[in-house]
> 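Take this structure, written in structure tokens, and hold onto it; I'll ask about it next.
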Amino acid sequence: MINTKNAKLNAWVKMWADIMQPEKVVLCDGSDAEFTRLMDECVANGLAKKLNEKKRPNSYYFQSDPSDVARVENRTFICSKKKEDAGPTNNWMDPVEMKHIMISKYNGCMKGRTMYVIPFSMGPLGGAISQLGVEITDSAYVVGSMKIMTRMGKCALELIEKTGNFIPCVHSVGKPLPAGLKDAKWPCAPIDDKYIVQFPEEHEIWTFGSGYGGNALLGKKCFALRIASKMAQEEGWLAEHMLILKLTKTATKETKYVCAAFPSACGKTNLAMLIPTIPGWEVKTVGDDISWMKYDKNGQLRAINPEAGFFGVAPYTSEKTNKNALDSCCANTIFTNVGLTPDGDVWWEGIGYDCPVGTIDWKGNVVADPASRDKDENPVAHKNSRFAAPAEQCPAIDPEWENPEGVPVSAILFGGRRPSTVPLIHEADDWNHGVFMGSIVGSEVTAAAIGLKAGVRRDPFAMLPFCGYNMGDYFQHWINVGAAAKDKTKLPKIFFVNWFRKDNGKFLWPGYGDNSRVLAYIFDRCDGKGETVDTVIGKVPAAGQINIAGLTDGTNEESMEKVLAVNPEDWKAEVALIEEHYAKFGKHLPKELRERLDSLKKKLGM
Ligand code: SAT
Ligand code: MN
């Protein structure tokens with residue numbers, strides 16, 4: 001058992017060890033030596049491969065079970081006392097009933113395995129916006145990943161020992177290891193036996209049966225979004241699925257911080273680490289996935305990145321699309337479900353060079369003839385294959401990224417993948433209009449979750465899979481946060497962007513580094529500069545306001561007109577979809593949003 005200075009923590013671990021019956025219990029110290037020891041143990045047991053030390057020092061390669069490659073939304077539950085409090089967009093089960101089921105699953109589930117106890121901090125240690133947690137797990141892969149993704153071990157334990165405050169996070173891969181048997185390459189439970197469970201009223205997380213990403217690294221989606229969104233509602237702050245970046249106008253050294261919410265696998269990591277293609281601008285990264293925001297004593301909304309690493313989608317990350325992400329995973333990185341090259345390095349589709357003959361694909365098969373392989377039907381790297389890399393290794397990391405006070409937020413962006421209807425950028429008239437924009441975010445489905453139907457789905461605030469309570473009440477919370485601003489002029493300006501609009505099947509905007517052209521416009525708009533045109537949905541840039549000088553991909557005045565167009569017929573069809581979406585929330589839909597929709601309808605003559 002463990003013997004920390006905190007009796008509550010000791011008793012909690014003992015209670016779970018009695019239920020799960022591990023062979024031993026290990027309190028993680030978070031040291032580099034511990035990381036290397038645990039990862040080398042995985043290698044020795046056939047669960048991982050060590051990558052070529054010369055090419056990728058201290059880095060490891062894992063292949064998951066084919067049933068365990070992404071989040072599982074139909075196995076994710078919000079267990080509030082009342083079903084209504086989980087709302088229409090979450091799976092709900094009664095907490096008592098769920099605990100009953102899960103205790104029977106957890107009973108003896110760690111037999112033959114080690115129970116690791118991981119104290120961790122989400123956010124800079126001791127920071128005003130930060131929170132503490134403890135995860136118990138029987139997966140060394142999870143320990144290694146938590147070491148990269150959070151501040152974990154001794155440093156967090158010392159704070160927990162002082163305060164006794166921590167969010168309890170319980171995880172097991174759900175596969176006891178009988179004596180004498182060799183472990184599976186990736187132990188986990190069958191798909192229908194996976195449970196990703198949040199108890200929002202108790203601020204507690206129980207997951208079972210999956211070892212992958214957001215299902216198992218409980219500091220991330222389960223805590224920093226689902227539980228934290230509930231805590232934020234109770235305490236008046238915001239826990240959001242947003243990247244945070246710093247934009248600097250190099251001539252004057254003026255800076256602005258921007259937060260942006262896009263659904264999973266829509267390019268948050270790329271935007272967060274963007275290298276501008278226009279002179280005079282610099283982008284630095286604070287975070288690529290999650291933003292916690294609170295007002296400071298002067299009424300300025302400030303944001304922290306609660307994470308310490310990037311859990312990024314590997315495919316299509318290249319020198320060209322995201323050099324900073326590639327450089328971030330140069331060492332001390334865990335790769336999952338990418339290809340493994342004969343010289344002990346990693347490969348994925350879109351890495352920027354051909355797949356070496358003899359590469360092992362994510363399913364463990366040798367790729368004998370890379371050229372004949374169908375990269376969509378049978379990719380070498382799974383479409384949701386990931387790297388977990390320390391944020392401090394990012395060449396573009398902002399020196400302020402560990403500021404415990406957070407960074408001041410000037411603008412908030414919403415967006416998704418929309419092939420039609422939605423212009424490259426439009427601007428909200430005020431905070432509540434921005435909340436309306438967030439509430440109607442929609443996106444084409446990506447590979448970040450298993451079992452979703454293809455097509456556009458509504459993903460309000462990019463929080464659909466991550467909101468820990470009734471989404472209608474969450475909309476209301478956003479309205480309340482705006483209303484609580486001491487000084488409304490300090491509220492971030494809100495914009496909606498869409499890098500993915502198409503014309504005849506071809507993207508109308510180059511994206512990636514060229515998104516700096518849109519960021520430059522946003523920067524100026526935050527200072528009240530730049531010319532806009534009013535449309536039914538908000539302000540769009542006047543012709544010529546977005547700098548397209550030097551673009552060689554065919555972008556011109558004409559294509560800009562198309563990418564910025566607001567077509568009333570498209571929006572009439574969109575309104576019908578929004579009506580359908582809003583109808584789900586019943587009396588939980590804030591009247592302010594209903595009024596916005598009515599005013600849009602009026603403008604469209606509906
Ligand atoms: O939830 S994960 O951490 O697996 C990745 C994502 O969906 O953004
Ligand atoms: Mn995400």
Side-chain angles (χ1 to χ4, degrees), residues 62 64-65 67-76 122 135 137 139 141-142 144-146 148-150 169 171 186 188 194 196-198 205 207 209-229 239-245 259-273 285-292 305-315 317 325 334-338 382-389 391 413-417 441 443-452 457 459-468:
F62 287 79
S64 81
D65 187 88
S67 74
D68 205 22
V69 293
R71 286 182 290 99
V72 279
E73 292 184 8
N74 65 337
R75 305 298 309 159
T76 301
M122 297 311 288
E135 175 165 354
T137 180
S139 161
Y141 168 83
V142 167
S145 304
M146 288 290 283
I148 296 169
M149 297 303 298
T150 71
C169 307
H171 171 252
W186 180 276
C188 66
K194 299 188 203 289
I196 316 300
V197 180
Q198 284 71 205
I205 300 157
T207 76
S210 167
Y212 201 75
N215 302 330
L217 315 179
L218 301 189
K220 196 173 180 59
K221 308 298 187 180
C222 300
F223 179 174
L225 290 176
R226 299 196 188 99
I227 295 298
S229 64
E240 300 301 325
H241 192 204
M242 291 178 179
L243 65 90
I244 311 166
L245 63 81
C259 289
F262 307 121
S264 297
C266 284
K268 282 199 300 300
T269 307
N270 291 340
L271 187 63
M273 300 179 189
T285 313
V286 176
D288 78 329
D289 197 37
I290 300 175
S291 168
W292 285 355
N305 167 13
E307 300 190 279
F310 308 120
F311 187 63
V313 177
T317 303
I334 296 179
F335 295 90
T336 311
N337 287 343
V338 299
H382 186 276
K383 286 188 179 150
N384 193 43
S385 56
R386 301 262 171 173
F387 53 80
L413 320 186
F414 296 113
R417 289 175 186 265
V441 168
S443 190
E444 279 183 315
V445 164
T446 69
I450 293 171
L452 302 180
R457 75 162 176 171
D459 189 348
F461 292 78
M463 284 288 279
L464 184 71
F466 307 123
C467 183

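All ligand and atom numbering here is 1-based and tracks the order in the structure. All values reported here derive from a predicted model rather than from experimental measurement.
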> State which residue, out of L218, N215, L217, fulfils the side-chain contact (heavy atoms from CB on, under 4.5 Å) condition with V142.
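The side-chain contact (heavy atoms from CB on, under 4.5 Å) with V142 is passed solely by L217 among L218, N215, L217.
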
> Does the Lys NZ or Arg CZ of K221 fall within the cation-pi geometry relative to F466 - under 6.0 Å from the ring centre and within 45° of the axis?
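Checked: cation-pi criterion met.
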
> Who pairs with Y141 by ring-ring contact (aromatic ring centres under 6.0 Å, His included), at least two apart in sequence or on another chain?
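Once residues adjacent in sequence are excluded, the partners of Y141 under the ring-ring contact (aromatic ring centres under 6.0 Å, His included) criterion are F62, W186.
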
> Evaluate the side-chain contact (heavy atoms from CB on, under 4.5 Å) criterion for residues N337 and R386: first the C-alpha distance (whole Å), next the side-chain angles of each, then the deciding distance (0.1 Å), finally the verdict.
CA-CA 7 Å; N337 287 343; R386 301 262 171 173; over 6 Å; no

> In chain order, what residues pass the ring-ring contact (aromatic ring centres under 6.0 Å, His included) check against H382, with sequence neighbours excluded?
W362

> Is there a donor-acceptor pair closer than 3.5 Å between any side-chain N or O of S145 and the backbone N or O of I334?
no

> So which protein residues pack against ligand 1 under 4.0 Å, heavy atoms counted?
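Within 4.0 Å of ligand 1, protein side: R71, G213, G214, K220, K221, S264, F311, R386, A448.
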
> Would you indicate whether the side-chain heavy atoms of S264 and R71 approach each other to under 4.5 Å?
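With C-beta onward as the side chain, the pair touches.
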
> Which distance, rounded to the nearest 0.5 Å, do you find between the CG of L243 and the CG of L271?
5.0 Å

> To the nearest 0.5 angstrom, please state how far the CZ atom of R226 sits from the CE atom of M463.
9.0 Å

> Just to be sure I understand the site: which N, O or S atoms from the protein are less than 2.8 Å away from the Mn ion (ligand 2)?
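Per the 2.8 Å query on the Mn ion (ligand 2), atoms found are K221 NZ, H241 NE2, D289 OD1.
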
